[in-house]
Amino acid sequence: MDALPADFYARPVLDVARDLIGCTVEHGDAGGVIVETEAYHDSEPACHAFVGVTPRTRTLFGPPGRAYVYRSYGIHVLLNAVCEPEGVGAGVLIRALAPSFGLDAMYARRQLRGAGAVRERDLCSGPGKLTQALGVSLRENGCSLARGPVRIGPRQGDWLEPRVVLGTRIGISRAVDLPWRFCAADSPYVSRPRPQLARGRGQAPTPVAR
DNA sequence: CATGGGATTGACT
DNA sequence: GTCAATCCCATGC
């Protein structure tokens, strides 16, 4: 797989979050297509980097194109792509994948810990689920997303021009109104709640201009 | 050094 | 809908 170069990430984090929809993430024997992302930037308080440079946020302020991996709620591992020029603390949280290959290994790793019967659409439908399925750990923090072990490649095939809808970010308590969550429209692999179509007569999905 | 709070998930009522 | 699990780290004394 060709991997995206570092300068892909050295751009405004909202652009990168949108453009990562449809790209491929792989780690070892498994991989999938990104169908959901969220953008975080040190200018807003939901971002870890809001507090400035600390041991935890050092990666976020570092060069773009690296993985920022951290533990959430003591249990889950979350994967981000560091964005914007070095010195800016910004990243894109990878929230869900459509599994592409290595599904057997993903089922095995997901069922290993706690999860009961796992359906394919739930293999990677959440930021903690996908790292567990791919076998990503905290050791990958700071690694290059071009050189691996976790790598991200460009859109291919049916994913060259995905329809993208946006909504507000999930699971945060500050800056809750920013519409910085990006999802592939109509993908069954997106985590809940789905952002687009409110129930009943919802407003139409908001396509992202580009 | 002690404390508190999560960018979540799965099980359960 | 509710809730606990569990670890890293930021903060305050």
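Note that these values count all heavy atoms, side chains included, but never hydrogens, waters or copies made by symmetry. Just so it is clear: chains get the letters A, B, ... in the order the sequence lines come, proteins before strands, and each one is counted from 1.
Residue C47(A) is the one, among C47(A) and D122(A), whose nearest nucleotide of DNA chain B lies closer to the 5' end (criterion: closest heavy atom).
Summarising the geometry, the separation between CZ on R110(A) and P on dA11(B) is reported as 10 Å, rounded to the nearest angstrom. When rounded to the nearest whole Å, the span between OH of Y68(A) and P of dC9(C) equals 9 Å. Here the C1' atom of nucleotide dT9(B) and the CG atom of L130(A) are 13 Å apart, to the nearest Å. Per the geometry, CZ belonging to R192(A) stands 15 Å off C1' belonging to dT8(B), to the nearest Å. For the pair L78(A) CG and dT6(C) P, the computed distance is 18 Å after rounding to whole Å. Taking atom CD of Q132(A) as the reference point, atom C1' of dT8(B) lies 11 Å away to the nearest angstrom. As a whole-Å value, the separation of N141(A) CG from dC8(C) C1' is 12 Å. For Y73(A) and dT2(C), the OH to C1' distance is 15 Å, given to the nearest whole Å.
Contacts of R56(A) with the nucleic acid, taken as non-hydrogen atoms under 4.0 Å apart, involve only primed sugar atoms and P, OP1 or OP2. Using a 4.0 Å heavy-atom criterion, one finds that I172(A) contacts the sugar-phosphate atoms exclusively.
Contact annotation: the side chain of V190(A) approaches that of R181(A) to within less than 4.5 Å [non-hydrogen atoms, C-beta and beyond]. Contact of the N141(A) side chain with the Y68(A) side chain is registered, since non-hydrogen atoms from C-beta on lie closer than 4.5 Å.
For dA7(B), there is no paired base (Watson-Crick or G-U wobble, both distances below 3.5 Å). Nucleotide dT6(C): unpaired (no Watson-Crick or G-U wobble partner with both distances less than 3.5 Å).
Side chain of T37(A) to backbone of V92(A): no donor-acceptor contact under 3.5 angstrom is found. Looking at E84(A), its side chain does come within 3.5 Å of a backbone N or O of V13(A) through a donor-acceptor pair.
Side-chain heavy atoms closer than 4.5 Å link hydrophobic residues (I, L, V, M, F, W, Y) into clusters, and following such links, even through other members, never connects L78(A) to Y9(A).
The phosphate of dC8(C) has OP1 or OP2 within less than 4.0 Å of a side-chain N or O from R71(A). Distances shown here put a side-chain N or O of T54(A) below 4.0 Å from the OP1 or OP2 atom of dA10(C).
Side-chain atoms of K129(A) lie closest to dT9(B) of the nucleotides dT9(B), dA7(B), dT8(B). Closest to the R95(A) side chain, of the nucleotides dT9(B), dT8(B), dC9(C), is dT8(B). Comparing dT6(C), dA10(C), dA7(B) by their closest approach to the side chain of I75(A) singles out dT6(C). Of the candidates dA10(C), dA7(B), dC7(C), the closest approach to any side-chain atom of V51(A) belongs to dA10(C).
Scanning atom types as modelled, one donor and one acceptor separated by under 3.5 angstrom connect the side chain of Y70(A) and the base of dA7(B). Looking at H76(A), its side chain has no donor and acceptor atom pair within 3.5 Å of the base of dA7(B).
Counting only N and O atoms by type, the side chains of Y189(A) and E36(A) include no donor and acceptor under 3.5 Å apart.
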